[in-house]
Amino acid sequence: MIVRAMSSSTQPIKTVAIIGSGLMGSGIAQVAAASGHKVTVVDQSQEIVDKASASIQKSLGRVVKKKFPDDSKAQQTYIADVMSHLSLQTDAVDAVKSADLVIEAIVENLDVKKSLFSSLDKAAPPHTIFASNTSSIPIKDIASSTTRLDRFGGLHFFNPVPVMKLVEVIRIPETSDETYSALEAFGKAVGKTTVQCKDTPGFIVNRLLVPYMMEAVRLVERGEATPRDVDIAMKLGAGYPMGPFELSDYVGLDTMKFIIDGWMEREPNNPLFSKSELLNKLVAEGKLGVKSGEGFYPYNKK
Ligand SMILES: C[C@H](O)CC(=O)SCCNC(=O)CCNC(=O)[C@H](O)C(C)(C)COP(=O)(O)OP(=O)(O)OC[C@H]1O[C@@H](n2cnc3c(N)ncnc32)[C@H](O)[C@@H]1OP(=O)(O)O
Ligand SMILES: NC(=O)c1ccc[n+]([C@@H]2O[C@H](COP(=O)([O-])OP(=O)(O)OC[C@H]3O[C@@H](n4cnc5c(N)ncnc54)[C@H](O)[C@@H]3O)[C@@H](O)[C@H]2O)c1
């Protein structure tokens, strides 16, 4: 059964434009298409969107193995059906012209996000709702680049999107009740549990998770344990599915650095937000984690 969210004008959200086709954008596109929405995914080059298409198909391959075990025909039909709801392109302005909902999942940088939303605001129809998947930037700061504050909110998904069951729905004071309801309904329509949070640094999950991950890095910097032993300890001693170094590599060390730098700028005296030389060094060397082939650990380059 296809469950669709409602847009702020109480029309069902049928079409979704997702800007950014990296780790998060491709995952959000997958779950939105799988729940029957018409999805357009945008990134900066054809090469990047081709890579995203391949990664969505690979991820769907994992989904169908569970959904239709031992039925390769049903697996192929399902993948083809989901992919038929998806198109990938490089023109964001064109993509938002027919979108009921725009979800931004580009680099964690306020100026870049504002510049994108400012141009999309002029191109999207009046009813279109805008949402950011930012990990750490205040939604109100991003929304200030548009004229649709009442139709703006945060939709914070988790990595890997097809597996993680939560979406945080964030409202700013101007977000209308209709917009909030539509965002919440969209989260549910793509199969997630939603929680509400005010527009505070890191919302709920990252406000607790990122200081923990950064403290693990500082523990290693102080020479108290190796990353490997910290990871083993937190998995076996605290029941986490990944240790903090594995998780940092999975999230992306550039994203981690953007998050902590942004918070430190806002609250320079908060020791939970203090920077790490080790993290900065790895990012400067291009060691961004799984996506670049190396972070705290080496990975097989794909
Ligand atoms: C910073 C941001 O703002 C916020 C964030 O996102 S913070 C990060 C939040 N994410 C986490 O904390 C992730 C923690 N890690 C985990 O939960 C697990 O390690 C994991 C789900 C990533 C992988 O699980 P693990 O058991 O180690 O590996 P694996 O067996 O390959 O995968 C488990 C299941 O998920 C599925 N899966 C994993 N990745 C998938 C993907 N990208 N697409 C589809 N399915 C996937 C697998 O097929 C498998 O399904 P099965 O159990 O039916 O066989
Ligand atoms: N990585 C995570 O675990 C995670 C989890 C939740 C939220 N987020 C947030 O989601 C957003 C995306 O993170 P990600 O991990 O997917 O990053 P990523 O680096 O994997 O992907 C970002 C993509 O955005 C594209 N991009 C950059 N500027 C663009 C523009 N102007 N127009 C179109 N595309 C553009 C890049 O080419 C890249 O493909 C960030 O705001 C991040 O903080 C990340």
Side-chain angles (χ1 to χ4, degrees), residues 17-31 34 40-52 55-67 69 82 88-93 95-96 102-120 131-137 139 142 154-168 170 201-210 212-214 231 234-235 239-244 246-262 288-292:
I18 296 170
I19 319 298
S21 72
L23 286 174
M24 297 306 293
S26 57
I28 300 166
Q30 180 182 326
V31 297
T40 307
V41 190
V42 180
D43 212 304
Q44 299 180 104
S45 72
Q46 193 57 41
E47 194 190 347
I48 301 175
V49 294
D50 286 347
K51 207 173 139 205
S55 118
I56 293 170
Q57 293 192 55
K58 189 173 165 204
S59 176
L60 284 170
R62 301 174 78 161
V63 171
V64 293
K65 276 201 184 122
K66 194 165 23 169
K67 215 173 167 68
V82 174
L88 296 102
Q89 64 172 71
T90 55
D91 184 346
V93 164
V96 303
V102 174
I103 304 177
E104 168 273 313
I106 67 167
V107 62
E108 187 73 344
N109 178 298
L110 177 60
D111 291 339
V112 182
K113 287 187 193 289
K114 280 174 78 172
S115 154
L116 173 74
F117 272 120
S118 164
S119 66
L120 301 187
S132 174
N133 182 55
T134 178
S135 299
S136 64
I137 299 173
I139 301 295
I142 305 172
L155 272 180
H156 187 221
F157 287 83
F158 294 83
N159 182 26
V161 179
V163 180
M164 304 305 280
K165 295 182 169 37
L166 185 72
V167 179
E168 293 173 325
I170 320 300
F203 316 127
I204 300 172
V205 173
N206 284 347
R207 181 64 180 77
L208 300 173
L209 189 62
V210 175
Y212 147 74
M213 290 156 80
M214 289 302 295
D231 281 348
M234 293 312 292
K235 285 190 284 187
Y240 284 39
M242 284 178 170
E246 292 167 330
L247 186 56
S248 297
D249 277 355
Y250 196 62
V251 164
L253 300 190
D254 51 344
T255 299
M256 286 279 291
K257 180 171 156 50
F258 280 129
I259 294 172
I260 209 70
D261 286 354
L288 308 182
V290 179
K291 66 183 169 186
S292 74

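Atoms within each ligand, like the ligands themselves, are counted from 1 in listed order.
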Can you name the closest pair of heavy atoms from Met256 and Ser248 and give their distance? CE-OG, 3.7 Å
For Gly252 and ligand 2, answer yes if some heavy atom of the residue is under 4.0 Å from a ligand atom, otherwise no. no
Report, in ascending order of atom number, the atoms of ligand 2 lying under 4.0 Å from any heavy atom of Thr134. 41 (O)
Among the heavy atoms of Phe157, does any lie under 4.0 Å from an atom of ligand 2? yes
for atom 18 (P) of ligand 2, nearest protein heavy atom and its distance come out as Lys291 NZ, 3.9 Å
Strictly distance-based, threshold 3.5 Å: is any side-chain N or O of Glu104 a donor or acceptor partner for the main-chain N or O of Lys113? no
Minimum distance, heavy atoms only, to atom 41 (O) of ligand 2: which one of Glu108, Lys51, Gln44 is it? Glu108
Using a 3.5 Å distance criterion without hydrogens, assess whether the side chain of Glu246 forms a donor-acceptor pair with backbone atoms of Asp231. no
Where is the tightest heavy-atom contact between Leu88 and Val49, given as atom of each residue plus distance? CD2-O, 3.5 Å
Under 3.5 Å, N/O to N/O: give me all the pairs between ligand 1 and the protein, one per line with atom names and distance.
{"from": "ligand 1", "atom 1": "3 (O)", "to": "Ser135", "atom 2": "OG", "distance (Å)": "2.7"}
{"from": "ligand 1", "atom 1": "3 (O)", "to": "His156", "atom 2": "NE2", "distance (Å)": "2.7"}
{"from": "ligand 1", "atom 1": "3 (O)", "to": "Asn206", "atom 2": "ND2", "distance (Å)": "2.8"}
{"from": "ligand 1", "atom 1": "6 (O)", "to": "Asn159", "atom 2": "N", "distance (Å)": "3.0"}
{"from": "ligand 1", "atom 1": "10 (N)", "to": "Asn159", "atom 2": "O", "distance (Å)": "2.7"}
{"from": "ligand 1", "atom 1": "31 (O)", "to": "Arg62", "atom 2": "NH2", "distance (Å)": "2.7"}
{"from": "ligand 1", "atom 1": "39 (N)", "to": "Arg62", "atom 2": "NH1", "distance (Å)": "3.4"}
{"from": "ligand 1", "atom 1": "43 (N)", "to": "Ser59", "atom 2": "OG", "distance (Å)": "2.5"}
{"from": "ligand 1", "atom 1": "48 (O)", "to": "Arg62", "atom 2": "NE", "distance (Å)": "3.4"}
{"from": "ligand 1", "atom 1": "53 (O)", "to": "Lys66", "atom 2": "NZ", "distance (Å)": "3.1"}

Among all protein non-hydrogen atoms, which one is nearest to atom 1 (N) of ligand 2, and what is the separation to 0.1 Å? Val251 O, 2.8 Å
Which protein heavy atom lies closest to atom 13 (O) of ligand 2, and at what distance to 0.1 Å? Met24 CG, 3.9 Å
Shortest non-hydrogen contact between Ser21 and Val41, atoms and distance: CB-CG1, 3.5 Å
Can you tell which of Ser135, Gly27, Gly289 gets a heavy atom nearest to atom 8 (N) of ligand 2? Ser135
How far is atom 20 (O) of ligand 2 from its nearest protein heavy atom, and which residue and atom name does that atom have? Leu23 N, 3.0 Å
Using heavy-atom distances only, which candidate in Asp43, Thr255, Ile106 approaches atom 25 (C) of ligand 2 most closely? Asp43
Please could you name the atoms of ligand 2 that His156 approaches to less than 4.0 Å, counting only its heavy atoms? 6 (C), 7 (C)
Counting non-hydrogen protein atoms only, what is the nearest one to atom 21 (O) of ligand 2? Give residue, atom name and distance. Gly22 CA, 3.3 Å
Which residue supplies the protein heavy atom nearest to atom 10 (O) of ligand 2, what is that atom called, and how far is it? Asn133 ND2, 3.0 Å
Just by distance, no angles: are the side chains of Ser136 and Glu108 close enough, under 3.5 Å, to form a donor-acceptor pair? yes
Between Asp254 and Lys291, is there a side-chain N and carboxylate O pair less than 4.0 Å apart? yes
Any idea which protein heavy atom is nearest atom 3 (O) of ligand 2, and the distance to it? Asn159 CB, 3.3 Å
How far is atom 22 (C) of ligand 2 from its nearest protein heavy atom, and which residue and atom name does that atom have? Ala105 O, 3.9 Å
Output the list of atoms in ligand 2 that are nearer than 4.0 Å to some heavy atom of Ile48, sorted by atom number. 37 (O), 39 (O)
Non-hydrogen side-chain atoms of His156 and Thr134 separated by less than 4.5 Å: no
Per-atom contacts of ligand 2 with Lys113, taking only distances under 4.0 Å to non-hydrogen atoms: 40 (C), 41 (O)
Would you check if the side chain of Asn133 reaches a backbone N or O of Gly25 as a donor-acceptor pair within less than 3.5 Å? no
